[in-house]
Amino acid sequence: MKKEILFSLFCIVLSLTSCKENRLDVRTDCVNGQSQKKVLFIGLDGCRTDALLAANTPALDSLMNQAVVSLHCDRGAHTVSVPGWSTLLHGVNPDKHSLTSNSFRGNNYKRYPDLFHYINLYHSDLSLATITHWADFLRITTFEDYANFFKTDEKVKDDAIRLIENCTPDVLLLHFDDIDGAGHNKGFAPNIPEYIQSIEYNDQLTQEIMEVIYQREATLNEEWLVIVATDHGGNGTGHGGQDDLEETRFVFLIVRTPQQSRVDIPSSHNVDVMPTILEYLQIPINDDWDLDGRSLLQ
Ligand SMILES: [Zn+2]
């Protein structure tokens, strides 16, 4: 029997929706980047803004000094991870992508595709990569040349540096999970030492990655847009069902480009990330895409 038929039968037995709607595949082709303009997206899962500001974070502070910064960014309703990352990387709110819990079932990704879908439409030669500490993150985007999952934030960082040095993807999405883990274990709050330590640890990982990028900008004429974002904050040891809580719903957003001086904007939304990246890559946004945000580049 053909593999496809076996797979279809497997899907029918398991569920009618979960198999065909979302992929979860690891790809390990290190495809050489083509563009001098690069994008690095750093996703810090569950990082609350007041805790970020309380922590000692020299690497993120340096990024903020070259960035459009929002410390009151609406991440939208349904304060869990799948809707959160979908909003960031599909550029629309949950009323459009249709995800309201930590499940991909019933998603409207076909009508509202991800960032990489649109990049691939215009620049199919660009090298696209995702590295994550949370396997389901690989279900959110498509068209990666390289997609990989690791069990620690440190390994995500190590692999990111290896990839940047070996083939330098044009767009690299990173997802780190330790901050969210510390929040669930000990509490999402600035007065929880373990939570603060996890943010400071991620700052060190960011520093190691940025040292490589700063060096490349200085010597290879590359220009990196670096976006640091999160999918939600938290309260107590959770974050679900907290649409009305400031510390869970309103997050930070850092949009760093090499020539930018720090500009603080009073408000933004996580749906602004996708138009920002598309504009940076000079991809014209079509009204038919029905995106909810606006570019934050200045
Ligand atoms: Zn999350």
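Just so you know, ligand 1 is whichever comes first in the structure, and atom 1 is the first atom listed for that ligand.
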(request) Return each pair, listed once, that meets disulfide (SG to SG under 2.5 Å) where at least one residue sits in residues 139-237; pairs must be two or more places apart or across chains. (result)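 Sorted pair list: Cys30-Cys167.
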
With a cut-off of 2.8 Å, does any N, O or S atom of [X] fall short of it relative to the Zn ion (ligand 1)?
| X | answer |
| --- | --- |
| Ser81 | yes |
| His232 | yes |
| Asp180 | no |

(request) Report yes or no: is the cationic atom of Lys157 (NZ for Lys, CZ for Arg) closer than 6.0 Å to the six-membered ring centre of Phe176, at no more than 45° off its axis? (result)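 No, Lys157 does not sit over the ring of Phe176.
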
(message) Using the rule side-chain contact (heavy atoms from CB on, under 4.5 Å), only one of Asn108, Thr87, Leu99 pairs with Pro94; which is it?
(response)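 Checked Asn108, Thr87, Leu99 against Pro94; only one passes side-chain contact (heavy atoms from CB on, under 4.5 Å): Thr87.
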
(message) Between the Zn ion (ligand 1) and Asp45, which N, O or S atom of the residue is the nearest one?
(response)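 The Zn ion (ligand 1) is closest to the Asp45 atom OD1, counting only N, O or S.
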
(message) Which atom name would you report as the N, O or S atom of Asp231 nearest the Zn ion (ligand 1)?
(response)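 Per the distance ranking, Asp231 contributes OD2 as its closest N/O/S atom to the Zn ion (ligand 1).
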
(message) Using the ring pair (Phe, Tyr, Trp, His ring centres under 6.0 Å) criterion, which residues pair with His97? Sequence neighbours excluded.
(response)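 His97: no ring pair (Phe, Tyr, Trp, His ring centres under 6.0 Å) contacts found.
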
(message) How close do Ser268 and Leu296 get, counting heavy atoms only, and between which atoms?
(response)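 Scanning both residues completely, I find the closest heavy atoms to be CB-CD1, 4.2 Å.
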
